[in-house]
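Working notes for the structure below.
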Amino acid sequence: MGIQVGAKVERVDGRQLGYGDFAERYLKKNIPVVLTGLMDGWQACTDWVTADGRPNLRFFAEHFGNSMVQVADCFKKDFTDQKRVEMSVSEYIDYCLGISINSHAEVTNRNDDTESLLYLKDWHFVKEHPKYVAYTTPLLFVDDWLNIYLDSHRLSHDSDITKNKNEINCSDYRFIYIGVKGTWTPLHADVFRSYSWSGNVCGKKLWLFLPPSQCHLIFDRYQKSLVYDVHGDICEKKFPGFNKAIWWECTQEQNEIIFVPSGWYHQVHNLEDTISINHNWFNGHNLSWVWNLLVKDYNEAKEYIEDIRDICDDFESICQRNLAANTGMNFYDFFAFLTRFALASMSLLRDLKDEDISQSRSISRHVINNMRAIHSVASSMGSVDAFAEAKSRFYPHENYVAGSDAERIMEGPDFRVLCADLGRILKDMCAEHHQDEAMEHKIPCRTDLSDLSGFKIRNPAELVKLIELAFPDHFNACEFKSHAV
């Protein structure tokens with residue numbers, strides 16, 4: 001029995017959407033959309049595509065052939081993913097050109113231990129080749145807290161984790177994918193339950209999506225094991241709910257971008273030889289998805305080693321290290337991330353200029369919404385046992401420093417880079433603001449950051465208190481008292 005497709009993903013001209021429209025219709029509602037008209041002028045659409053619309057593979061071999069990349073074998077399963085190998089771009093291009101000489105059908109129809117079907121994934125092209133500007137991130141996706149943070153900071157502060165980079169523990173989440181016809185990606189939800197966008201430079205993809213409300217149907221009866229391939233031989237006894245799932249479907253054409261919302265499981269097939277540009281990101285709209293995933297993965301990590309709790313003095317530390325290794329960050333990493341973004345937002349409001357009052361109001365409105373999201377998630381974090389005072393000795397030293405002394409954080413050069421990047425993207429987002437809408441919102445009292453002298457942010461409760469003190473008109477704050485320690 002085949003899968004049931006109940007909806008087609010909407011297709012919209014992205015040039016007709018402002019950031020506010022996109023946020024209201026798709027980010028907040030958390031639904032997918034295909035966007036056209038946003039890839040005009042990209043260098044990639046010229047250099048990476050031949051005159052007949054096929055991937056210009058030789059361009060990659062000539063200009064970036066020495067780069068080492070991760071390549072997935074679509075014929076070989078490795079736990080919940082495809083087996084990966086490392087090779088140079090030149091070696092991969094030679095492989096693709098060899099397949100092009102042979103019949104695609106002959107290659108893709110073979111599926112045994114002696115054959116391979118290779119798919120280049122997760123190439124950190126922007127980080128590796130910053131001088132070659134292949135594309136410009138569309139305005140609808142620039143509110144990207146994850147990647148602007150990683151441009152100046154590490155997400156995880158565990159040296160044993162960060163020295164082993166992979167698709168989970170990354171220097172950034174901006175990727176290039178190159179695959180021949182027939183390559184595919186198994187059913188999955190994106191890292192951190194982030195948003196993602198994927199732009200087809202050339203080729204065609206088939207996407208299948210499942211809304212979060214139905215995702216329990218693609219797991220086994222214990223909610224542990226996930227279906228690997230929706231077109232495979234699905235055991236009804238193991239996955240009793242699978243046939244009840246109602247999928248969304250989309251065929252993505254060349255020069256189209258698809259927006260993938262948080263928590264939507266999806267499977268993707270390349271219907272033609274394809275090159276795509278992909279970003280994962282999160283911001284204030286889906287911050288709660290990230291925290292909820294961390295809690296879920298933490299509970300699973302803790303359950304897995306529960307039998308050593310009574311004989312282990314640093315049980316919490318082991319749980320957090322395992323969480324960072326499996327998910328890409330742990331509770332303390334996420335707390336340090338939130339703290340820096342909160343302080344950067346306060347700095348931005350302090351430094352707003354008066355030349356364009358309307359734009360300043362628009363920026364301030366975005367900042368306040370961001371602070372509401374951070375305040376909400378930090379409030380949820382406050383009850384977590386890992387942040388109890390008795391557990392503070394388990395904080396990695398760098399994380400404790402990163403999330404404790406407000407003055408020290410704000411004096412760092414990395415923090416100044418984060419502030420500049422955040423200010424830049426907010427100005428871009430608000431460049432086409434509507435004056436009459438912006439004028440309805442007054443600029444909040446700009447925070448006097450000198451009041452932060454000696455202020456310690458050692459746990460989520462103290463971060464919540466800081467936000468309430470900084471924005472008394474927007475949060476229920478208690479009367480300011482000295483918090484110097």
Side-chain angles (χ1 to χ4, degrees), residues 9 11-12 14-15 22 26 32-50 53-57 59-61 63-64 67 69-72 89 92-93 96 119-144 146-148 150-151 167 170-181 183-185 188 190-192 194-207 250-261 266 268-282 425 428:
V9 177
R11 184 172 265 100
V12 174
R15 293 165 295 191
F22 177 69
Y26 304 107
V33 63
V34 176
L35 299 161
T36 62
L38 297 180
M39 296 172 62
D40 297 343
W42 284 11
Q43 192 65 36
C45 294
T46 300
D47 292 345
W48 300 359
V49 185
T50 63
R54 295 175 59 80
N56 187 359
L57 297 176
F59 181 87
F60 288 94
H63 293 85
F64 314 110
S67 294
V69 290
Q70 292 287 313
V71 176
V89 169
Y92 180 70
I93 297 305
C96 292
Y119 189 4
L120 190 162
K121 296 183 177 183
D122 301 325
W123 182 7
H124 296 266
F125 185 89
V126 171
K127 208 77 167 180
E128 190 173 347
H129 302 286
K131 293 183 179 179
Y132 177 85
V133 183
Y135 62 97
T136 302
T137 301
L139 175 66
L140 304 183
F141 311 128
V142 297
D143 191 17
D144 178 348
L146 177 59
N147 285 298
I148 68 168
L150 287 171
D151 284 341
E167 67 274 15
C170 291
S171 59
D172 74 335
Y173 288 85
R174 309 176 183 103
F175 308 112
I176 302 298
Y177 281 45
I178 304 175
V180 298
K181 178 180 178 180
T183 51
W184 65 291
T185 297
H188 69 287
D190 283 335
V191 61
F192 303 133
S194 59
Y195 296 139
S196 67
W197 64 266
S198 178
N200 262 12
V201 176
C202 59
K204 182 185 297 187
K205 293 177 183 283
L206 175 67
W207 294 73
C250 167
T251 299
Q252 181 190 15
E253 304 286 349
Q254 182 174 349
N255 293 334
E256 293 184 338
I257 296 177
I258 192 161
F259 165 65
V260 181
H266 50 284
V268 191
H269 293 260
N270 290 326
L271 303 180
E272 300 174 353
D273 296 351
T274 303
I275 301 175
S276 63
I277 295 169
N278 308 270
H279 284 206
N280 292 95
W281 92 102
F282 53 78
I425 65 171
D428 288 344

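All heavy atoms count here, side chains included; hydrogens, waters and symmetry mates do not. Computed from a prediction, not measured in an experiment: that's the story for all the values here.
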Heavy atoms only: give me the nearest [X]-[Y] pair and the separation to one decimal.
X: L140; Y: L38; value: CD1-CD1, 4.0 Å
X: A44; Y: I277; value: CB-CD1, 4.2 Å
X: T137; Y: V142; value: O-CG1, 3.8 Å

Quick one: ring-ring contact (aromatic ring centres under 6.0 Å, His included) partners of F22, sequence neighbours excluded?
->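 For F22 the ring-ring contact (aromatic ring centres under 6.0 Å, His included) partners, ignoring immediate neighbours, are Y26, F141, F259.
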Can you list the residues that meet the side chain to side chain donor-acceptor pair (under 3.5 Å) rule with [X], with sequence neighbours excluded?
X: N278; result: S198, S276
X: N270; result: Y119, T183, K205
X: S194; result: N280
X: W184; result: none

Could you tell me which residues satisfy side chain to side chain contact (heavy atoms under 4.5 Å, CB included) with H188, sequence neighbours excluded, listed by chain and number?
->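 Only T185, D190, H266 meet the side chain to side chain contact (heavy atoms under 4.5 Å, CB included) criterion with H188.
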Who passes side chain to side chain contact (heavy atoms under 4.5 Å, CB included) against V49, sequence neighbours left out?
->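 Expected list: V201, C202, Q254.
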Are any of the side-chain heavy atoms of I176 and W48 separated by less than 4.5 Å?
->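 I176 vs W48: side chains touch.
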Does the side chain of Y132 come within less than 4.5 Å of F64's, by heavy atoms?
->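 Result yes, sub-4.5 Å side-chain heavy-atom pair found.
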Aromatic plane relationship, F175 with H124 - under 30° parallel, 30 to 60° tilted, over 60° perpendicular |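 Correct class here is perpendicular.
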To the nearest 0.5 Å, tell me how far [X] [atom1] sits from [Y] [atom2].
X: D143; Y: F282; atom1: CG; atom2: CZ; answer: 11.5 Å
X: I93; Y: I178; atom1: CD1; atom2: CD1; answer: 5.0 Å
X: T251; Y: R11; atom1: OG1; atom2: CZ; answer: 7.5 Å

Name all residues meeting the salt bridge (Lys or Arg N to Asp or Glu O under 4.0 Å) criterion together with [X]; count only those two or more places apart in sequence or in a different chain, and write none if there are none.
X: E253; value: K204
X: R15; value: D13, D40
X: D151; value: K127, R174

How about Y173 and F192: are their ring centroids closer than 6.0 Å?
->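 That pair passes the under 6.0 Å test.
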